[in-house]
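Report on the following structure.
When a residue number appears, it is its place in the shown sequence, counting from 1. Note that these values count all heavy atoms, side chains included, but never hydrogens, waters or copies made by symmetry.
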Amino acid sequence: RLRDPATVPALLTALEKPSDRVMEHSLTYAMIEIGDVQAPVAGLRSGNVAVRRAAMIALDQLRSKELTATVVVPELTSPEAPMREAAGWIASRHAEWGDALRSGVAARMRRVDLSDAERAELQHQLAGLVKSEAIQKLLAERVADAKAPVPERRLALAAMAEAGNPPVGSLGAIGAALADTDPNIVADAVGVARAARLPKEAKDATAALRNKLLAVAARGDLPPAVRLRAMAAVTGGVGDVNAEVFAFVLQQLGPDQPLNQRMAAAEVLGGAKLNADQQQALMAAMMTAGPLELERMLWAFDKVNDNTVGQALLATLKEARSTKSLRPEALRRHTAKFGAEVKKDVEALFEQAGANAQNQKAKMDEVASSLPTGDVGRGQAIFNSNKTACVACHSIGYVGGKIGPDLTHIGQVRQERDLLESIMFPSASFVQSFEPMTVITDTGERRDGIVRRNDAEEVWVVEGPDKDAHIPRKNVKEMRPGTISVMPEGLDQAMSKQELADLVAFLRACK
């Protein structure tokens, strides 16, 4: 508050003493508020990591010319993780340091002695530096070089995927990786291609990428999951599908298949242009589809206006196992092209669902009172099974997904009835930091999910396992709190009462 530059040496001295992150932040913020662009420079020469880090951050925020690539780049390989993190954050804000950044990270990428944790950190660091054209070129060169070590190429692809939408200039390298003989390289390249959102004027690049992805889909030497993800990555959908391809994709919807595979298959068929027989076959598959696949399968009917098909679709949904997981606005959107009679049936379907929702407590009481004794071991198997796919979104210990809350110690804070409610009615309440959001773009596109990033550059929405969207901030028209959980309702319908009891018993045991 005094704004006296003469106090900065005292702040730097205070940073030499061990303290918590709150105190470090307060001391650093004081230097920023004082606003002198020269006073913190002395801290850059300190042998103390905390002092150097605070001085770097303060000078960066003050836009001091004293903070150069020569100062920051060596700290990217500091033995201290907090310093590496700070240096990476600062470097990501200075695309003009491209050449210096390239030489620093290129050497680290070539190291073969990196631990898994160090490799993951480097990947995150690279993803933050992709604004630099020099880093973009470095990653593209590594990916396209068939003679480069596979771990190095995969690291470059993983950084591209984490960064989100790849620049048009990188598409040649991605295309080369899609044609690689190593299935892991191809799989990683498909992951990058799924994030590509090319501008309308890049028609040639879009067409070239589409052809490369369809070529991957046709390769019988690749695992089904890779072929499916390639088809799901095709912008605008795969279009017409022949009988052989349709049968292959439909087979991947089987309940014994892994969740990611089922979801990719549902996404492919949802984006395809199906004939009448294929539509009937898809409706038959909807009867046993899981909650995470069902809405994606509905995409296939977005542009259909034949009321006979609409009536058959509604008849299917009345009996389908996972219909309760559908959001009303989603079903209305997917049946918008049908006539008044079909739309009336849609509303009737949700009136019935609404009546059921009013009786949630009664249903909870009935299930809770009739639940048999659960078995923890069987419950763990159910948690990890393809049927419920809980592990795809939730982690316990070091295993599992990061979309939903960590359940490692859930048994300490939730009783049996709470756990039962979260499985049967996941939208009844939301865990803090996992609240759903609805994002509307300037083209009317709607994304529902959990916002992982929201800043001046982009909004990153996680919609489910292996499904997210990186939306440029300039394209976001509206954001509002959602009311429907990313975790679908109806999971209890996919299990017997014994299986439900076993799952609850396992979660209660997680302490």
Side-chain angles (χ1 to χ4, degrees), residues 98 102 105-106 109-110 123 126-127 129-242 245 248-249 260 264-265 267-268 271-272 458 466-470 472:
R102 176 184 172 116
V105 299
M109 287 180 71
R110 287 192 292 269
Q123 172 190 318
L126 287 167
L129 298 175
V130 293
K131 296 174 192 173
S132 164
E133 188 174 341
I135 298 299
Q136 292 174 15
K137 289 181 178 179
L138 171 65
L139 296 179
E141 288 168 6
R142 289 291 187 272
V143 169
D145 185 359
K147 295 182 180 179
V150 170
E152 197 171 330
R153 296 176 71 197
R154 295 194 69 186
L155 174 61
L157 285 165
M160 285 181 171
E162 182 178 338
N165 191 23
V168 175
S170 302
L171 295 184
I174 297 168
L178 288 170
D180 205 89
T181 55
D182 188 318
N184 291 319
I185 295 291
V186 176
D188 292 346
V190 168
V192 179
R194 279 174 67 88
R197 292 176 175 272
L198 305 183
K200 292 180 180 179
E201 57 269 20
K203 293 181 180 179
D204 291 342
T206 300
L209 184 60
R210 175 188 177 89
N211 291 336
K212 290 284 188 180
L213 289 167
L214 290 176
V216 171
R219 284 177 57 177
D221 63 311
L222 293 172
V226 177
R227 297 172 62 190
L228 281 171
R229 293 186 73 214
M231 284 188 268
V234 174
T235 302
V238 294
D240 295 317
V241 290
N242 60 39
V245 171
F248 162 72
V249 179
N260 287 351
E267 190 171 339
V268 170
E458 74 169 10
D466 199 33
K467 181 67 175 175
D468 55 14
H470 293 262

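R194 approaches A233 most closely through the heavy-atom pair CG-CB, 3.3 Å. In this structure, V143 and A177 approach most closely via the heavy-atom pair CG1-CB, 3.7 Å. Summarising the geometry of A159 relative to A127, their closest heavy-atom pair is O-CB, 3.6 Å, with the distance given to 0.1 Å. Pairing each heavy atom of A217 with each of A230, the nearest pair is N-CB, 4.2 Å. Pairing each heavy atom of V268 with each of A232, the nearest pair is CG2-N, 3.5 Å. Shown here for A193 and L213, the closest heavy-atom pair between the two residues is CB-CD2, 3.9 Å.
Taken to the nearest 0.5 Å, the CG atom of L228 stands 11.5 Å off from the CG atom of L222. If you take OG1 on T206 and CG on L171, they are separated by 8.0 Å, rounding to the nearest 0.5 Å. Once rounded to the nearest 0.5 Å, the distance linking CD of E162 with NE2 of H470 reads 8.5 Å. Distance check, rounded to the nearest 0.5 Å: CG of D204 to CG of L209 gives 12.5 Å. In this structure, L178 CG and I185 CD1 are separated by 11.0 Å, a value rounded to the nearest 0.5 Å. Atoms CG and CD, from L157 and E152 in turn, are 11.5 Å apart once rounded to the nearest 0.5 Å.
Side-chain atoms of V249 and R227, non-hydrogen and from C-beta on, never get closer than 4.5 Å to each other. Using a 4.5 Å heavy-atom cutoff, the side chains of V238 and V241 are in contact. Side chains of L155 and L126 form a contact here, defined as non-hydrogen atoms less than 4.5 Å apart. In this structure, the side chains of V226 and P183 stay at 4.5 Å or more apart for every pair of heavy atoms. Contact check for R102 versus Q136: no side-chain heavy atoms found under the 4.5 Å cut-off. Side chains of V130 and M160 form no contact here, defined as non-hydrogen atoms less than 4.5 Å apart.
Ion pairing between D221 and R219 holds under the 4.0 Å rule for side-chain N and carboxylate O. Taking 4.0 Å as the cut-off between side-chain N and carboxylate O, E133 and K137 count as a salt-bridged pair. Using a 4.0 Å cut-off between charged nitrogen and carboxylate oxygen, R153 and E141 do not count as a salt-bridge pair.
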Item to complete: Start with the C-alpha gap between R110 and R142, add the side-chain angles, then the distance that decides, and say whether side chain to side chain contact (heavy atoms under 4.5 Å, CB included) holds.
Response: CA-CA 10 Å; R110 287 192 292 269; R142 289 291 187 272; 3.2 Å; yes

Worksheet item: Going through the distances and angles, do V234 and L214 end up as a side chain to side chain contact (heavy atoms under 4.5 Å, CB included)?
Response: CA-CA 8 Å; V234 174; L214 290 176; 4.1 Å; yes

Worksheet item: Checking salt bridge (charged side-chain N to carboxylate O under 4.0 Å, His left out) for the pair E267/R229: CA distance, chi angles, key distance, verdict?
Response: CA-CA 9 Å; E267 190 171 339; R229 293 186 73 214; over 6 Å; no

Discussion item. The test is side chain to side chain contact (heavy atoms under 4.5 Å, CB included); show your working for I174 and K212 and say whether it passes.
Written reply: CA-CA 9 Å; I174 297 168; K212 290 284 188 180; over 6 Å; no

